[in-house]
Amino acid sequence: MRTVTFRNWRIASQFMVIIFPAILLMIGTMAWIIHQHNGTRLYDKLAKRAQSISLQVLADRDYYTRVIVLRLIEIGGGVSGRSIAKPTDNSRSRWCSSKKYLVG
């Protein structure tokens with residue numbers, strides 16, 4: 001096999017050798033820029049989602065404090081640190097087999 005100098009290559013081969021590395025460099029640069037942009041957007045979305053979840057937890061906690069705990073006290077039950085204390089009057093409620101959570 002004989003060696004052919006670059007000057008003697010066909011014009012299409014010369015074009016590909018010169019242009020393809022430039023195209024690959026541009027594609028790589030654009031992919032990196034898009035990746036960085038998407039990473040920033042993802043971080044912003046995750047921060048907003050965390051804020052949304054924390055607000056929902058606070059709202060649920062407020063509801064349980066204002067409504068559920070008062071209803072438990074009305075039926076004679078109480079709330080301990082780990083679970084709901086068993087009411088003295090069982091006529092208005094049922095209990096799970098684990099006796100920790102009020103059902104119904």
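Numbers here simply count residues along the sequence, with the first being 1.
Applying the side chain to side chain donor-acceptor pair (under 3.5 Å) rule to T5 yields the partners N8; only residues at least two apart in sequence or on another chain are considered.
In the hydrophobic clustering of this structure, L46 does not group with I53; members are Ile, Leu, Val, Met, Phe, Trp, Tyr whose side-chain heavy atoms approach within less than 4.5 Å, directly or through other members. Clustering ILVMFWY residues whenever any of their side-chain heavy atoms sit less than 4.5 angstrom apart, transitively, puts V57 in a cluster other than the one holding V67. Linking ILVMFWY side-chain heavy atoms closer than 4.5 Å, directly or via other members, places I11 and I18 in two distinct hydrophobic clusters. Cluster annotation: L72 and L70 are assigned to distinct hydrophobic clusters (Ile/Leu/Val/Met/Phe/Trp/Tyr, side-chain heavy-atom contacts under 4.5 Å, transitive). Under the 4.5 Å side-chain contact rule for hydrophobic residues, M26 and I33 do not share a cluster.
Taken to the nearest 0.5 Å, the CE atom of M30 stands 14.0 Å off from the NE2 atom of H35. The distance from the CH2 atom of W32 to the NE2 atom of H37 is 13.5 Å, given to the nearest 0.5 Å. Distance check: I68 CD1 to I73 CD1 gives 12.0 Å after rounding to the nearest 0.5 Å.
Between Q36 and T40 the shortest side-chain heavy-atom distance does not fall below 4.5 Å. Side-chain contact between N38 and L42 is absent, with no heavy-atom pair separated by less than 4.5 Å.
Looking at every heavy atom in both residues, R7 comes nearest to Q14 through O-NE2, 3.4 Å.
Among residues at least two apart or in separate chains, salt bridge (Lys or Arg N to Asp or Glu O under 4.0 Å) pairs with a member in residues 46-70 are D62-R66.
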